[in-house]
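A, B, ... follow the sequence lines: proteins, then strands. Residue 1 opens every chain. Because only heavy atoms are used, hydrogens play no part in the values below, and waters and symmetry mates are left out as well, while side chains stay in.
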Amino acid sequence: MTGDRYGSEIARVTVKAFRHLFPDLARSLPDLYIFHTDLLYERLETPKNPEMGNYALPLFDLAKITRKNPAEINSELTVVQNNVVRKDENLAHLSFEAVGGFNNARVSTAKLAESVLKDIAKKADDYGSSDEGSGKNIVIDFSSPNIAKPFGVGHLRSTAIGASLYRVFEKLGYKPIGINHLGDWGTQFGKLIVAYRLWGSEMMNKDPITGLYDLYVKFHKEEENDPSLSDKAREAFKALEDGQQEEAELWKEFRDLSLQSFMQIYDLLNVRFDYYHGESFYNDKMDITMDRLKKAGLIMESEGAQVVDLEQYDLPPCLLAKADGATLYATRDIAGILYRWQEFRFHKALYVVGSAQRDHFKQVFKVIELLEEAEGTPPEERIRSRLHHVEFGWIKFQDKAMSTRMGNIIILEDVLAKATRLAREMIVAKNPNLSDIDGTAEMIGVGAVIFADLSTRKHIDVNFDWDAVLTFEGETGPYLQYTHARLCSLVRHYAREIPPVSDFSCFDRQEENRVLDLLYRFPQIILEAAETYEPYVISSYLLNLGAAFNKVYQRKDDAGRIDKIISDDINLTAARMALVNAVRVVIREGLRLMGIEAPEEM
RNA sequence: GCCCCCGUAGCUCAGGGGAUAGAGCAGUGGUUUCCUAAACCAUUGGUCGCAGGUUCGAUUCCUGCCGGGGGUACCA
């Protein structure tokens, strides 16, 4: 219940009331959750409908234990609760109400306003920050596109989720270490080298990445008619692995070209990495890794390949080396884990990789576990429990998987460019005097694309839908940016320092309570996003906050006129501006955590 | 074959043993002498894939089936 002051208070009052109501039960079943503040706190829910209050406790199971009607317990309970609260002026802001089997608790809007607005005014952008992660490294492996292939929308999820988790953990005081595990090694380079030698001159005079991509697609097409190409590709890769100069030079050229083009995209997305250790980075660590696994007695030969048998764990064998001796990606991942542990002593290592690779990570993590057992690593040095595969669903297009090989892919740069162009048109139509039209259009276009990607839970497969990404209305990034821009506009209109609020009693409406309740929960939302590795928690929260505020912003008085934030009533205006500023700060910070910029005007 | 994920409004998605199943988009009707209408308000729309089971209570948990996707040793 860290930080949730009101929840704790409600739990305490309720436990007190239960002890009073059920003294016999407290003796016979002292461990029952209703007699323990922390256990009862765990049972508190947020009411379905905000009008029902700020917290709710369902009493149905209690009805069973006490053999009483839940509604009856509830009405007796609320009488006692309200009595307790009335007698203690420190708790006078709480009230309880019985609604069927739900015991609903409310925090007075004025009190909520006082604590939340003061807190946010003081901490500003640091609201919701903590130092719980202080001194702890979190390795985040994300994005990891394949060299020599275009950066498709399929790679957006890993990039957006990873970049967001990076910021979330950083806000909680951890030291995140972002690693881009580039796919810069493997048999596809054999294919590219062969393709380049055969058709390179005709393809490579256009844009290099498009050229490489065309070569890749062409290779796969030709391979169907000419199986000997596959053998040539294998040979070329073998030559590369053996360090043949000609192959190595080609590889380096492909890698440099790709990296250059990826950097443009990362700049647009505002994503950065601490390391670009791709797969090739581990080439010189493979022998040591294999030796270590051999020494631990984990490796056996099977059908010519070197494997770790995992049958007793219900997993297919983990392949470490092919029959021809070439290593595989599992080997590189294992080497990567060992290297990262040695280098960073991470508290956790996250692998933001699609769910298609679930079995792969299960295998790799299991091998690590077996290695630690075999080597007798002391418990505090073991890393298995620190490793997490943060998996997510596919991005499909028209219900089909996108495939680079088939040439059926949507290029992220095109999507970003299209969204930005559309945003620009909108600005020109609506706010042509805006000073930085191009810069703002980019923030909006890119923000729309990122938000769309982070606005569904990560585990489900999503269909890429041009319309969904290019919509700026409703539950979208631009909706939040727009709300934020209007808040900034209010601050500009107010045109003076927002003074400390002296009287919070003007916050007395349901809609304001809702906004304040959401602001109050922001720190918990960040924690939840970190615990579940789920940026969606933040996007959905921000939409609720935006909608709740817009309701306040556009409410009307009895005469049907907009009840303005800025009015002749100086004190009322100052108080409302404190609320405006708080919402502005939280939306801007929330968007930042998602990797989205918030323009002050749009 | 076996394993995993998904199936909720026309569309895209939330919810996840209990309070009338929620949003956005699309549809319909409103709101601006303008604190940015990229907004707000109202309204239409659901046998929560199907069939059983557990339970006082299931859209939610369990089993089976149907439909979609993914994984299942030398790709990553």
Between CE of M300(A) and P of A73(B) the distance, given in whole Å, is 15 Å

Within the structure, does a side-chain N or O atom of Y479(A) lie under 4.0 Å from either OP1 or OP2 of C40(B)? yes

Any luck finding a side-chain donor-acceptor pair between Q81(A) and T14(A) under 3.5 Å? yes

How far does the C1' atom of A39(B) sit from the matching atom of U32(B), given to the nearest Å? 11 Å

Whole angstroms only, please: what is the CE-C1' distance between M602(A) and A39(B)? 11 Å

Which comes earlier along RNA chain B counting from the 5' end, the contact point of T440(A) or that of D461(A), where each point is its nearest nucleotide? T440(A)

Between P on U20(B) and CD on E51(A), what's the gap in Å once rounded to a whole number? 14 Å

In whole Å, what separates the P atom of G27(B) from that of A14(B)? 24 Å

Over how many whole Å does the gap from E45(A) atom CD to A19(B) atom P extend? 10 Å

Should the side chain of N104(A) and the base of A19(B) be counted as holding a donor-acceptor pair, with the cut-off at 3.5 Å? yes

Inter-nucleotide P distance (G16(B), U59(B)), Å rounded: 16 Å

Between CG of N544(A) and P of G24(B) the distance, given in whole Å, is 11 Å

Measure from the side chain of V99(A), starting at C-beta and using heavy atoms only, and say which of A19(B), C13(B), C35(B) lies closest. A19(B)

Spacing of L543(A) atom CG relative to A39(B) atom P, expressed in whole Å: 11 Å

Hey, could you give me the OH/CG distance between Y533(A) and L350(A), rounded to the nearest 0.5 Å? 5.0 Å

Taking for each residue the nucleotide of RNA chain B bearing the nearest heavy atom, is the 5' side occupied by Q188(A) or by T471(A)? T471(A)

Taking atom types as modelled, is there a side-chain donor on S302(A) or D309(A) under 3.5 Å from an acceptor on the other? no

Taking only the side-chain heavy atoms of N431(A) (C-beta and beyond), determine which of U36(B), U31(B), C13(B) contains the nearest atom. U36(B)

Rounded C1' spacing from G15(B) to U28(B) in Å: 28 Å

Can you tell me the distance, in whole Å, between the CD atom of E473(A) and the P atom of C40(B)? 10 Å

Nucleotide nearest N146(A) when distance is taken to its side chain, options A76(B), A14(B), G18(B): A76(B)

Round to the nearest Å and state the distance from D324(A) atom CG to A73(B) atom P. 18 Å

Euclidean distance for P, U43(B) against G22(B) (whole angstrom): 13 Å

Please give me every residue in residues 353-365 of chain A whose heavy atoms get under 4.0 Å of an atom in RNA chain B, ordered by residue number. A356(A), Q357(A), R358(A), D359(A)

Verify the distance criterion only: is there a donor paired with an acceptor across the side chains of Y494(A) and N581(A) at less than 3.5 Å? no

Rounded to whole angstrom, note down the C1' distance from G46(B) over to C13(B). 15 Å

Does S144(A) get its side chain close enough to the base of A76(B), under 3.5 Å, for a donor-acceptor pair? no

Looking only at atom types and distance, does a side-chain atom of N431(A) sit under 3.5 Å from a main-chain N or O of M602(A), one as donor and one as acceptor? yes

